[in-house]
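Order of the sequence lines sets the chain letters (A, B, ...), proteins ahead of strands, with each chain counted from 1.
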There are 2 protein chains.
Amino acid sequence: MTTIQDVAKLAGVSKGTVSSVFSKKRPISKEVTERVLTIAKELGYYPNHVARSLAIKKTMIVGLRMPLSKDSSMSGFEIQMISGVVKECSKQGYRVLLDSLPELDDVTQFSMDPVDGVIMLNPRKHDSRIARYKQTGTPLVLVGRPDLLHEEISYVDNNNKELAYEVGQYLLETGHTSLLFLNAASDMTVAQDRESGLTEAFRQKGLSLSPDTVMNYSRQHHTNASDYGYESIIHTYGKLPYTAVITDTDRVALGVLRAARELGLDIPDKLAVIALSNDATLAQETTPSLTSVELSAEVLGAEAAKILLEIMQDPTKVHQRIVDAKLVFRESC
Amino acid sequence: MTTIQDVAKLAGVSKGTVSSVFSKKRPISKEVTERVLTIAKELGYYPNHVARSLAIKKTMIVGLRMPLSKDSSMSGFEIQMISGVVKECSKQGYRVLLDSLPELDDVTQFSMDPVDGVIMLNPRKHDSRIARYKQTGTPLVLVGRPDLLHEEISYVDNNNKELAYEVGQYLLETGHTSLLFLNAASDMTVAQDRESGLTEAFRQKGLSLSPDTVMNYSRQHHTNASDYGYESIIHTYGKLPYTAVITDTDRVALGVLRAARELGLDIPDKLAVIALSNDATLAQETTPSLTSVELSAEVLGAEAAKILLEIMQDPTKVHQRIVDAKLVFRESC
DNA sequence: CTGAAAGCGCTTACAG
DNA sequence: CTGAAAGCGCTTACAG
């Protein structure tokens, strides 16, 4: 590998001069600049990023830590999140280091990563790494509802509760006093947030959300998201008096549409359908197109990145931002 | 930031000793080890990855370069690819640096990235970076058909031509001598590969693939993938005598299914449908479920990572591997 | 406009 | 088992 030293020697100048030619941090005469550049090209010299980082104590890299279960791939949400982070970072000249290495509790293994800041996905409660980042002064932004103990930590999250509330309110006002809610798996915080938002909407109308109209996705019972939607309708339609169904994702709604078609139910006349997220960005591609919440995991990621980059400028700042996902009305309701 | 020096001083040992305690590269007495670890913990010391990388000339990071168009997000394919790369790398203790910074033709800006090797997505022809990587001796693996000039470069790709050939052969043998091919955009190499594979299948049966039965996706003419499928059927059914349709992706097939439903065409009896890729992993969630090629972008990514990690061990190696995607038969044909 | 030298925080022969 | 010192390839005051 050719180094700055090699170039300096051949060009008959000092390392500092070569450095300046590349960094442009101090003016170098045109003549010398050209000579250095020519030699550099001849030698195939490119500045060493690592050495530079050590010297200036900056890497221009943002770390993105995410749990990667060994078998499962990334979810649509995670993926869009990443996309948002990457876009925003590259816009500001930063790169993204994907870090899904298994967590090592062995302190010996934890190193100060080559990053200027970190975005953490789905932090577990009492995650030991959060404390470590604080300790080392590494700027940190969480995506998702943070541990309650860390009030002083920056994070972004969706307004899940409010969204469910809004959807509930809309349906109630348009006369759908009885509905079916195909929620996410019960152990997800987002499922809880949504149920409580929906419950609130009912309460405000002097009604109550019947527990047997709220289902939860379960890996054991459903082969895939679409089937979850399909089966749920097939098994309950006629038995429960709902006129609208709220689904966890667009995929679930795909199954609901299928069941409706099979049962000859016109959508939205006989059955209104609203998806609480649009993971696979199918909402526009179904027939009829789907009213859905555009969760914009991507916006969430971009927002997290923006906040992180701000914090990196001024580490005393703490930003806690709720990203308003928006309900987009389409043909299904 | 506390450094190895701080720890050494307080523990009353040399930097080398502290280093050894953490790296375990040479034996340190139990007593000293404990003392150092205690001090390190007290001080919140974690080894600096950048400094370490400079010293050992390794970063344990793999670079993943991909073109990121400014507005568009990552495609399903890219995403699955990334997922595959990340999984394989983390399995072997490597991290992944996502690099979607705009390409700078300015040599001044190109730096030796903090990576031990690079995976490059969708390399353009005559990509100047390929030459640079060669020049600097950075191990490189391409995903996608490489520039013909670089025969000595490692890469992975799908057997796109063969897949199309297989699909064509299957349809011809089951009596579908006339079909509609909703191919990808014409400027993509994959579109060319597929068309040539399909053409070959026809030729072998003594038939020829009529040009007007091959369509290409176009951003200008189609609002989205599903519509591309829908419109194409609506506009051509009855005019062209096809009994089967081959689509670029599962999304396109979604539109085809919709059109078929509208036209009252039974699938697969009146119309067989096969998707050449399953980007959004919808194939199982449609009705009827979709016969599709499981492109396994994820396998492609994992394979690329494996090869890269091998090459990094022995830079003289060159691996060129074709990942066989497989045709999965479901209800739509 | 340019050079000499110290420094960034580690690792690693070499010596003991 | 441990230390002193050189080295990894840059950057950056300081001096001129």
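- Nucleotides dA5(C) and dC1(C) place their P atoms 24 Å apart, quoted to the nearest Å.
- Separating the NZ atom of K58(B) from the P atom of dG9(C) is a distance of 23 Å, rounded to the nearest angstrom.
- dA13(D) is unpaired under the Watson-Crick or G-U wobble criterion, no partner having all donor-acceptor distances under 3.5 Å.
- The separation of dC10(D) from dC14(D), taken at their P atoms, amounts to 24 Å, rounded to a whole angstrom.
- Close to dG9(C), at under 4.0 Å from its OP1 or OP2, lies no side-chain N or O of T3(B).
- K25(A) comes within contact range of the sugar-phosphate backbone alone, with a heavy-atom separation under 4.0 Å but no base atom that close.
- Relative to the side chain of M1(A), the nucleotides dC1(C), dG9(D), dT11(C) differ in distance, and dG9(D) lies closest.
- Closest to the side chain of P27(A), out of dC10(D), dT11(C), dC1(C), is dC1(C).
- K9(A) NZ: 12 or fewer foreign heavy atoms inside a 6.0 Å radius.
- Remark: the backbone N or O of V115(A) is not paired with any side-chain donor or acceptor of H49(B) at under 3.5 angstrom.
- Heavy atoms of I28(A) sit under 4.0 angstrom from primed sugar atoms or phosphate atoms, though from no base atom.
- Of the candidates dT11(D), dG9(C), dT12(C), the closest approach to any side-chain atom of A51(B) belongs to dG9(C).
- Both K15(A) and S14(B) lie close to DNA chain D; mapped to their nearest nucleotides by heavy-atom distance, the more 5′-ward contact belongs to S14(B).
- Nearest heavy-atom pair, P139(A) versus L308(A), reported as atom, atom and distance to 0.1 Å: O-CD1, 3.6 Å.
- Look at the C1' atom in both dG16(D) and dT12(D): the space between them is 16 Å, to the nearest Å.
- The nearest whole Å value for the distance from the CG atom in D113(B) to the P atom in dC10(D) is 13 Å.
- Nearest nucleotide to the side chain of I56(B), out of dC10(D), dG3(D), dT11(C): dT11(C).
- Taking only distance into account, the side chain of R26(B) meets the base of dG3(D) through a donor-acceptor pair shorter than 3.5 Å.
- Of the candidate nucleotides dA4(D), dC8(C), dC10(C), dC10(C) has the atom lying nearest to any side-chain atom of N48(B).
- The separation between H49(B) atom NE2 and dT11(C) atom P is 11 Å, rounded to whole Å.
- Place A55(B) and K30(B) on DNA chain D by their nearest nucleotides, and K30(B) ends up nearer the 5' end.
- Checking the phosphate oxygens (OP1, OP2) of dT2(D), a side-chain nitrogen or oxygen of S29(B) falls inside 4.0 Å.
- The CD1-P distance, from I4(B) to dT12(C), rounds to 11 Å in whole Å.
- The two atoms that bring L54(B) and A51(A) nearest to each other are CD1-CB, 3.8 Å, heavy atoms only.
- For the pair Q5(A) CD and dG3(C) C1', the interatomic distance rounds to 12 Å; values are reported in whole Å.
- With rounding to whole Å, L54(A) atom CG is found 17 Å from dG7(D) atom P.
- At dT11(C), one or more side-chain N or O atoms of S19(B) fall inside 4.0 Å of OP1 or OP2 (strictly under the cut-off).
- Summarising the base pairing, dA4(D) is matched to no nucleotide, lacking a Watson-Crick or G-U wobble pair whose two defining distances lie under 3.5 Å.
- For the pair D99(B) and R95(A), the salt-bridge criterion is met [side-chain N within less than 4.0 Å of a carboxylate O].
- Checking dG9(D), dA4(D), dC1(C) against every side-chain atom of K57(B), the shortest atom distance belongs to dG9(D).
- If you check every strand for non-hydrogen atoms under 4.0 Å, V50(B) touches nothing.
- In terms of phosphate contacts, Y46(A) brings no side-chain nitrogen or oxygen within less than 4.0 Å of OP1 or OP2 of dG9(D).
- Summarising the geometry, the separation between CD on E34(A) and C1' on dC1(C) is reported as 16 Å, rounded to the nearest angstrom.
- Side-chain contact check for T17(B) and S14(B): at least one donor-acceptor pair (N or O, by modelled atom type) lies under 3.5 Å.
- At least one donor-acceptor pair under 3.5 Å links the side chain of Q80(A) to the backbone N or O of D279(A).
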